[in-house]
Amino acid sequence: MGKKNIKWLIGIDEVGRGPLAGPVGVGIVMVPADFDWSVLPGVNDSKRLKPENREAIFRQAQQLKKAGQLSFAVSLVNSSVIDKIGIVPAIRLAMKRGLKKVTTISPRVPLGTIEVKLDGGLKAPAEFVNQEMIVKGDGKEKVIGLASIVAKVTRDRYMERLAKKSEFVIYDFAKHKGYGTKAHRQAVSENGLSSQHRVSFCRSIEQMSNGIIDIIK
């Protein structure tokens, strides 16, 4: 199917592949092929934006979603599933769930009218016949950039909510969002793993007691 039949663009990006704790997430954004990005200024790779700017763009995207001008979904897969099936299958699962949410809006969008743009090495299910993988796509394609923003904001908010629960206060998830900072590694070496930690990403508790945690590549 040629480009002239493309009516919709979907951008896909992931967040949280590498942390020691918390879910992995995939952001899916769908916009009309002729979407006017001037109504949503500042969209870029989420890592290049200040937190307050990400939040502002996220809120604007929510308003545009309510107005029916775009659609987006963020699917999170928790640490226990990551441990059970692995990080790559977990990302695929999150992507599948998110794509289902945005493409089954009423009326259902024919998949042949969609062009999917994905960041890095991500790949959409085979039924999406028009897809393009773009290295550092979150900084090159706005639809991927917006996917990175909604995914990042959603996961960060999730980790901040966890941080307020008594069982997780000692890990300070709100500060590092589950990534393996020195303070986070120290907290684990002193307190062990929580229910939100990815056991498969960490060495044994004995090694943690020495303040050492290695991410399994």
Side-chain angles (χ1 to χ4, degrees), residues 5-17 19 22-78 91 93-111 113-120 122 124 128 130-132 134 136-164 173-175 177-178:
N5 295 303
I6 299 301
K7 308 296 184 188
W8 301 91
L9 297 178
I10 284 180
I12 302 177
D13 200 9
E14 67 179 62
V15 65
R17 179 186 284 256
V24 67
V26 174
I28 314 281
V29 172
M30 186 168 74
V31 298
D34 61 353
F35 184 74
D36 181 5
W37 286 99
S38 69
V39 303
L40 197 57
V43 172
N44 203 333
D45 174 3
S46 65
K47 297 183 293 295
R48 298 181 185 178
L49 300 174
K50 295 179 179 179
E52 57 268 28
N53 292 340
R54 290 196 297 263
E55 285 282 349
I57 292 169
F58 184 87
R59 290 192 295 269
Q60 287 177 293
Q62 285 181 312
Q63 293 301 316
L64 292 171
K65 182 178 179 181
K66 290 179 181 178
Q69 296 185 52
L70 58 76
S71 179
F72 73 83
V74 178
S75 180
L76 301 177
V77 174
N78 67 32
I91 290 169
L93 176 61
M95 186 188 303
K96 183 177 180 180
R97 289 174 177 172
L99 282 167
K100 184 176 181 180
K101 288 180 181 178
V102 300
T103 59
T104 55
I105 57 176
S106 183
R108 188 183 182 96
V109 178
L111 299 188
T113 66
I114 298 171
E115 182 176 9
V116 181
K117 295 179 180 291
L118 307 99
D119 184 56
L122 296 176
F128 292 87
N130 305 301
Q131 58 177 287
E132 180 182 10
I134 304 171
K136 297 183 179 179
D138 45 7
K140 298 175 181 176
E141 293 280 350
K142 288 187 181 296
V143 71
I144 302 177
L146 184 56
S148 77
I149 291 168
V150 298
K152 173 69 171 166
V153 170
T154 300
R155 186 182 185 277
D156 282 359
R157 288 181 177 182
Y158 178 89
M159 297 305 292
E160 288 162 4
R161 289 195 299 272
L162 281 182
K164 296 177 182 178
F173 287 152
K175 186 174 182 179
K177 309 301 188 293

Least distance between heavy atoms, I91 atom then V26 atom: O-CG2, 3.7 Å
Student check: side-chain heavy atoms of S75 and K100 closer than 4.5 Å: no
Contact check, side chains of Q62 and R59, non-hydrogen atoms, under 4.5 Å: yes
Heavy-atom side-chain contact between F128 and I12 under 4.5 Å: no
Donor-acceptor contact below 3.5 Å, side chain D119 vs main chain D138: yes
Donor-acceptor contact present, side-chain K65 to main-chain F72, <3.5 Å: yes
Side-chain donor/acceptor of E115 to backbone N/O of I6, under 3.5 Å: no
Crowding at NZ, K175 (>12 non-hydrogen neighbours, <6.0 Å): no
Check: K177 main-chain N/O paired with R155 side-chain donor or acceptor under 3.5 Å: yes
Sub-4.5 Å side-chain heavy-atom contact between P32 and Q69: no
Under 3.5 Å: donor-acceptor pair, side chain of S148, backbone of S46: yes
Sub-4.5 Å side-chain heavy-atom contact between D156 and R54: yes
Side-chain heavy atoms of L118 within contact of M95, under 4.5 Å: yes
